[in-house]
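Here the structure comes first, spelled out in structure tokens, and everything after it is commentary.
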Amino acid sequence: MSVRLRYAPSPTGHLHIGGARTALFNYLFAKHHGGAFILRIEDTDLDRNVESAAQEFADNLRWLGIEWDEGAFSGGDYGPYVSTERLDIYRRHVDELRDKGMVYECYCSEDELAVQREELLARGEMVRYSGRCRHLSKEEREARIREGRKPTVRFRVMDDEPVAFTDLIRGDMIFEPQGIGGDFVVVKSNGIPVYNFAVVVDDHLMNITHVVRGEEHISNTPRQLLLFKAFGWTAPVFGHVPLILGADGKKLSKRDESIIQFIDQYREYGYLPEAIFNFLALLGWTPGGEREIFSRDELITAFGLNRVNRSGAFFDAAKLAWMNGHYLRNHSAEELLPLARRFLEPAVAGWQTPVNDAWMIEFIALYKDQVSCLSELPVVGSVLVSDSVSVEADARETLENEHASTVLDAFVKLAHAWTDWTPDGMKSLLKDVQTVTGKKGKELFFPVRAAITGRLHGPDLNRSLALLGRTRVLDRLGKALAVSGARPVL
RNA sequence: GGCCCCAUGGUCAAGCGGUUAAGACACCGCCCUUUCACGGCGGGAACAGGGGUUCGAAUCCCCUUGGGGUCACCA
């Protein structure tokens with residue numbers, strides 16, 4: 001039988017790196033085994049559902065290159081793929097358990113439950129439901145209904161034997177019946193099933209063979225296993241992946257602002273999906289060996305749950321930045337243009353002469369090797385992209401130096417008549433300046449660079465000059481000359 | 001607190017009884033370069049502690065310590 005895995009988020013916010021990583025592991029595992037990857041929306045918590053969140057999940061998953069074979073927003077043979085569209089399915093299954101006497105209505109209020117919980121917690125015991133409504137008589141039930149109480153439906157936990165399963169990542173797991181927490185709620189008082197119930201029904205009906213999810217779900221597993229058993233179904237195989245940790249060493253909280261953790265944010269900063277894909281795959285999993293740059297197909301080929309780590313992993317944004325830079329360097333400026341355009345166009349919006357694609361490609365080529373994301377392009381290249389450039393202290397010092405004025409004066413005079421403003425042309429121009437002034441090396445290049453960019457460091461000077469163009473170069477040289485004072489040699 | 005999970009450098013991690021304990025990110029130094037960046041070379045930096053088992057433990061077992069997850073009518 002072919003393998004089927006799913007990613008089943010609840011649409012309560014943005015896709016974050018933890019969720020993306022879970023989706024990715026499911027995807028990689030499914031594809032590795034030639035099986036199906038499914039996207040299901042688990043929206044049983046009506047209060048927390050966020051409009052358009054599901055759509056946003058789908059968009060970001062697609063952007064990352066994590067495509068699903070069936071599921072929400074694309075359909076398939078096992079739909080619907082959204083919990084709230086499956087309510088009647090759940091209802092039928094609750095009825096089935098009720099007929100078997102395996103569930104019962106519970107009329108305890110949330111306040112009453114809270115009091116019991118506090119008591120148990122204070123006593124240091126595992127919180128478990130008392131079973132108070134387990135054996136209510138018909139009269140007692142009717143009395144409660146008359147009080148206006150809306151019941152939940154609880155699953156009757158028979159605490160006679162431990163629940164065990166073999167986790168694909170952690171090995172054998174055994175839960176003593178006491179550790180399950182007593183009869184648990186399966187349908188909320190609003191008639192909507194609880195996640196733990198819905199996933200079981202959905203996973204079975206959708207023929208899910210492997211459930212790969214975060215470690216925080218470990219304690220849910222025995223309850224779900226009990227449900228599978230109650231229905232007489234074969235449970236899927238489980239694999240619990242380690243948590244992604246924040247700087248504090250705790251499970252990454254969506255409210256933790258010390259770290260950028262939403263996929264759409266990385267998208268905004270101009271990260272490449274393939275870099276995030278690669279990075280996330282290696283967070284908590286390793287193919288072994290020393291390599292760490294892998295294409296999507298290579299990851300699919302290499303992936304396996306057996307090499308997933310068991311301990312939590314700190315999310316190292318600096319390494320992601322490095323990896324993204326690596327991918328940037330491996331793309332040509334032409335390839336990057338469509339992605340970089342939205343960052344560059346606003347940056348040059350104030351320019352009198354409109355910049356064309358060729359200009360932007362050359363600009364990208366000049367700077368792409370030193371940035372870690374596309375949004376940094378206009379920042380590192382600000383001296384070429386802005387019309388008001390400040391002169392840094394060391395650059396000013398250079399300009400005030402004696403030979404600077406000599407070089408600049410010669411440059412200006414030659415430049416006025418110069419027609420070839422290409423990088424090669426600029427090379428010849430500088431050569432001529434060298435010939436005329438006798439200055440070379442740093443004495444030649446530093447003053448020119450300082451004059452046109454206001455700083456001593458930057459990318460290739462010839463190309464920078466060509467990009468700036470005649471008008472701007474002449475304009476900036478004029479201003480620089482005012483600083484250094486003319487010492488003509490021509 | 002109960003239940004459960006985890007433990008190699010600052011971080012990601014290789015290692016599965018015998019290694020000088022890989023590699024990458026970050027950091028530092030040198031080289032390349034007109035400069036910066038890229039790149040190359042080099043450096044500092046780790047097996048939480050204690051008991052076993054064994055000729056021999058980072059590797060296997062136990063305990064301690066530390067960290068984490070979870071205890072909802074949330075997922």
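Naming: A, B, ... by sequence-line order, numbering from 1 per chain.
Nucleic acid contact for A/T286: sugar-phosphate only, since backbone atoms but no base atoms lie under 4.0 Å from a heavy atom of the residue. Contacts of A/R154 with the nucleic acid, taken as non-hydrogen atoms under 4.0 Å apart, involve only primed sugar atoms and P, OP1 or OP2. Using a 4.0 Å heavy-atom cutoff across all strands shown, A/F314 reaches sugar-phosphate atoms only and no base atom. Residue A/E42 is classed as a sugar-phosphate contact, given heavy-atom separations below 4.0 Å to backbone atoms only. Residue contacts for A/G284: at a heavy-atom cut-off of 4.0 Å it reaches the sugar-phosphate backbone alone, with no base atom in range. Counting any heavy atom pair closer than 4.0 Å across all strands shown, A/M323 reaches no nucleic acid atom. Across all strands shown, A/T152 has heavy atoms under 4.0 Å from base atoms, whether or not it also approaches the sugar-phosphate. Using a 4.0 Å heavy-atom criterion, one finds that A/T44 contacts the sugar-phosphate atoms exclusively. Residue A/R310 is classed as a sugar-phosphate contact, given heavy-atom separations below 4.0 Å to backbone atoms only. If you check every strand for non-hydrogen atoms under 4.0 Å, A/D316 touches a base.
Scored by the salt bridge (Lys or Arg N to Asp or Glu O under 4.0 Å) test, A/D432 finds no partners at all (sequence neighbours excluded). Residues meeting the salt bridge (Lys or Arg N to Asp or Glu O under 4.0 Å) test with A/K368, sequence neighbours left out: none. Judged as a side chain to side chain donor-acceptor pair (under 3.5 Å), and not counting sequence neighbours, the contacts of A/Y195 are A/H217. Residues satisfying the salt bridge (Lys or Arg N to Asp or Glu O under 4.0 Å) test with A/E335, not counting sequence neighbours, are none.
For the residue pair A/Y27 and A/R296, a side-chain donor N or O sits within less than 3.5 Å of a side-chain acceptor on the partner. Residues A/T422 and A/D424 bring no donor and acceptor atom of their side chains to less than 3.5 Å of each other. Between A/E42 and A/S83, the side chains place a donor N or O and an acceptor N or O closer than 3.5 Å (distance only, hydrogens not considered).
B/C38: no Watson-Crick or G-U partner with both key distances under 3.5 Å is found in any strand.
Taking atom C1' on both B/C38 and B/A22, the two are 25 Å apart, rounded to the nearest angstrom. Comparing B/A24 with B/U34, their P atoms are spaced 28 Å from each other, to the whole Å. Across B/G56 and B/A14, the matching P atoms stand 28 Å from one another, rounded to whole Å.
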Under 4.0 Å protein heavy-atom contacts per nucleotide of nucleotides 36-41 of chain B, with B for base, S for backbone only and - for none: BSSS--

Can you build the contact string for nucleotides 60-72 of chain B? Use B for base contact, S for sugar-phosphate-only contact, and - for no protein heavy atom under 4.0 Å. --------SSSSS

